[in-house]
**Student:** 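Structure in structure tokens, see below.
Along the sequence shown, residues are numbered consecutively beginning with 1. All of these numbers come straight from a predicted model, not from anything done at the bench. Just so you know, ligand 1 is whichever comes first in the structure, and atom 1 is the first atom listed for that ligand.
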Amino acid sequence: MFSRKNGILFIEDVSTVEIAEKYGTPVYVTSKFQLEKNIEAYKKAFPKAEKLYAVKANGNLALMRIIASNGFGADVFSSGELYLSLLAGFSKQKILFNGNSKSDSEIEMGIQAGVKFSVDSLDELETIRSIAEREGKEIEIAFRINPDIDPKTHPKIATGLKESKFGLPEEQALKAYEMALRMKNVVPKGIHCHIGSQILETSPFISALRKLGKIAKAIEKLGVELDFIDIGGGLGIDYEGKGAITPHDLAKELLPVFEEVSSDLNSDPMLWLEPGRSIVGNTTVLLTRVNAVKRTHRNFVAVDAGFNLLIRPAMYGSYHRVVVANRDGGEEEIYTVVGPICESGDVLARDRKLPKVEKGDLIAILDAGAYGFSMSSQYNGRPRCAEVLVSGSKTALIREPESFGDLVARQRIPEWI
Ligand SMILES: *Cc1c(COP(=O)(O)O)cnc(C)c1O
């Protein structure tokens with residue numbers, strides 16, 4: 001999907017130089033082939049599991065439509081993501097509404113749409129009950145359990161440690177299911193956890209599944225019939241080019257444990273997974289143009305994309321591989337690639353060896369498909385950039401770049417000023 005021809009980086013059969021000329025920079029460019037390859041890897045590794053795509057990783061409708069048409073469901077974390085999922089064509093039976101702080105109106109929208117809920121608190125349970133009763137609906141739920149497991153990832157993306165804001169601790173799970181069982185308009189059907197993101201080992205997933213299995217057995221005794229055990233998402237990707245575990249590796253270790261856990265239950269639950277990053281992460285590059293090269297304390301390469309478009313390096317200290325896209329080879333130097341934002345934290349890549357860079361060169365930031373555009377902002381008065389999809393030798397604009405009009409579209413100046 002990503003290759004060099006005469007030194008130029010190609011995405012499938014299209015030159016990044018041509019993409020930059022045609023669509024301008026900065027621009028997010030996605031390979032449809034790579035996306036389908038990632039989807040296929042999950043289908044092959046987990047043929048019997050329900051796979052819900054975590055929409056927050058990348059909410060582009062064209063990509064979501066491809067994912068939905070492959071039979072995936074959707075994990076949504078807000079009413080906006082629910083709206084996007086329904087529009088993209090995900091079936092409501094396969095949408096799970098997650099979130100630790102859903103507003104009453106978000107819950108109402110989910111209930112009217114008839115999706116399933118992952119319930120994060122007893123307050124939320126009661127809200128769902130009362131709205132479902134008013135709407136005359138029966139809503140299937142899971143509780144999000146906090147399994148207190150260390151996913152061995154960045155602290156800001158570890159979500160299943162006991163001090164985390166997500167989910168109910170094991171000790172409160174039984175009471176929660178008991179309450180739900182007594183409710184007329186709420187049916188507990190599943191159990192859920194999500195322990196974190198960019199996880200590069202299988203053992204945290206196994207521990208989480210065993211923990212859910214233990215709780216599942218206890219809640220079955222209360223009378224819950226489980227349709228699904230959802231162990232969330234979080235499988236990491238190979239940002240550093242050093243190799244990472246694949247869906248196949250995870251399946252090899254996880255599925256035997258799932259068999260063991262479910263054979264110990266009376267019900268016959270399905271395994272659910274919620275991959276985000278591992279579906280879209282490596283499908284996309286952020287193409288950005290060099291505005292200036294400056295040799296001071298460091299060799300700075302100043303490009304036209306910053307943390308307004310890709311916040312992961314600034315927010316989590318994340319590593320993204322960076323390459324010069326318009327040529328290859330020759331003399332190399334050490335560069336720090338920085339964006340145009342008025343913050344010293346606007347560093348995309350520190351101290352990287354690159355072929356000698358000049359103003360006008362194109363830089364590609366790799367593996368930018370997950371938590372890239374979806375976390376972008378208009379900070380510093382910068383309209384968001386375009387997104388382009390490549391398939392073979394075809395390209396399509398899948399999101400128009402924003403304009404200055406978008407900076408002011410919702411602003412109002414009161415007439416008394
Ligand atoms: C973010 C999130 C996911 C996806 O995580 P990835 O690391 O992108 O796979 C899945 N489930 C829930 C509940 C999430 O919040």
**Student:** Between Tyr379 and Glu343, is any side-chain donor less than 3.5 angstrom from a side-chain acceptor?
**Tutor:**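 Glu343 and Tyr379 do have a side-chain donor-acceptor pair below 3.5 Å.
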**Student:** Under 3.5 Å, is there a donor on one side chain and an acceptor on the other for Ser267 and Glu225?
**Tutor:**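 Absent: no donor and acceptor within the cut-off.
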**Student:** Does Ala370 have a non-hydrogen atom less than 4.0 Å from ligand 1?
**Tutor:**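 Judged by the 4.0 Å heavy-atom criterion, Ala370 does not count as contacting ligand 1.
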**Student:** Using 4.0 Å as the upper bound for N to carboxylate O, is an ion pair formed by Glu260 and Arg210?
**Tutor:**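 A salt bridge links Arg210 with Glu260.
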**Student:** Considering non-hydrogen atoms of the protein only, which is the closest contact for atom 11 (N) of ligand 1, and what is the distance?
**Tutor:**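 So the nearest neighbour among protein heavy atoms is Glu274 OE1, 2.5 Å.
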**Student:** For a quick check under 3.5 Å, do Glu81 and Tyr83 share a side-chain donor-acceptor pair by atom type?
**Tutor:**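 Not at all, the side chains of Glu81 and Tyr83 share no donor-acceptor pair under 3.5 Å.
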**Student:** Starting from atom 5 (O) of ligand 1, what is the nearest protein heavy atom, named by residue and atom, and what distance separates them?
**Tutor:**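 The closest one turns out to be His194 CE1, 3.4 Å.
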**Student:** Using a 4.0 Å cutoff against the non-hydrogen atoms of Gly234, which atoms of ligand 1 qualify?
**Tutor:**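 Once the distances to Gly234 are compared, the set is 5 (O), 6 (P), 7 (O), 9 (O).
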**Student:** Quick one: look up the protein heavy atom nearest atom 12 (C) of ligand 1 and list residue, atom name and how far away it is.
**Tutor:**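 Closest protein heavy atom to atom 12 (C) of ligand 1: Asp75 OD2, 3.2 Å.
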**Student:** Regarding His192 and Asn98, is there a side-chain donor-to-acceptor distance under 3.5 Å anywhere?
**Tutor:**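 Looking only at side-chain atoms, Asn98 and His192 do form a donor-acceptor pair, the distance falling under 3.5 Å.
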**Student:** Polar-atom distance check: Pro275 versus ligand 1, any N or O pair below 3.5 Å?
**Tutor:**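 No.
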**Student:** What do you reckon, does Arg144 have a nitrogen or oxygen under 3.5 Å from a nitrogen or oxygen of ligand 1?
**Tutor:**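 No; the residue has no nitrogen or oxygen that sits under 3.5 Å from a nitrogen or oxygen of the ligand.
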**Student:** Which atoms of ligand 1 have any heavy atom of Phe77 under 4.0 Å away?
**Tutor:**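 In order of numbering, the contacting atoms are 15 (O).
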**Student:** Tell me, yes or no, whether the heavy-atom count around Glu400 atom CD, taken from other residues, nucleotides or ligands under 6.0 Å, exceeds 12.
**Tutor:**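 It does not: Glu400 CD has 12 such atoms or fewer within range.
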**Student:** If you measure every N/O of His192 against every N/O of ligand 1, is any gap under 3.5 Å?
**Tutor:**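 N/O-N/O distance under 3.5 Å: no.
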**Student:** Where is the tightest heavy-atom contact between Phe97 and Phe77, given as atom of each residue plus distance?
**Tutor:**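 For Phe97 and Phe77, the tightest heavy-atom pair comes out as CE2-C, 4.1 Å.
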**Student:** Flag Gly276 as yes when one of its N or O atoms lies below 3.5 Å from any N or O atom of ligand 1, and as no otherwise.
**Tutor:**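 N/O-N/O distance under 3.5 Å: yes.
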**Student:** For atom 7 (O) of ligand 1, what is the closest protein heavy atom, and at what distance to 0.1 Å?
**Tutor:**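 Going by distance alone, atom 7 (O) of ligand 1 is nearest to Ser197 OG, 2.3 Å.
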**Student:** Just to check, does Tyr371 reach to within less than 4.0 Å of ligand 1 when the distance is taken from its heavy atoms?
**Tutor:**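 It does; at least one heavy atom falls under 4.0 Å.
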**Student:** Among all protein heavy atoms in this structure, tell me which lies nearest to atom 14 (C) of ligand 1, with the distance rounded to 0.1 Å.
**Tutor:**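 Checking every protein heavy atom, the shortest distance to atom 14 (C) of ligand 1 gives Lys56 NZ, 2.8 Å.
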**Student:** Tell me if the NZ atom of Lys137 is crowded by more than 12 foreign heavy atoms within 6.0 Å.
**Tutor:**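 Yes, enclosed.
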**Student:** Can you confirm whether more than 12 heavy atoms, excluding those of Arg327, are under 6.0 Å from its CZ atom?
**Tutor:**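 For Arg327, atom CZ is crowded (more than 12 foreign heavy atoms under 6.0 Å).
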**Student:** With a 4.5 Å limit on heavy-atom distance, are the side chains of Phe300 and Val293 in contact?
**Tutor:**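 They are not in contact (no side-chain heavy atoms under 4.5 Å apart), so the answer is no.
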**Student:** Should you measure from each heavy atom of Ala54, which atoms of ligand 1 turn up under 4.0 Å away?
**Tutor:**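 Once the distances to Ala54 are compared, the set is 3 (C), 4 (C), 10 (C).
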**Student:** Under 4.0 Å from a heavy atom of Arg277: which atoms of ligand 1 are those, numbered in the order shown and with their elements?
**Tutor:**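 Checking each atom against Arg277, I get 6 (P), 8 (O), 9 (O).
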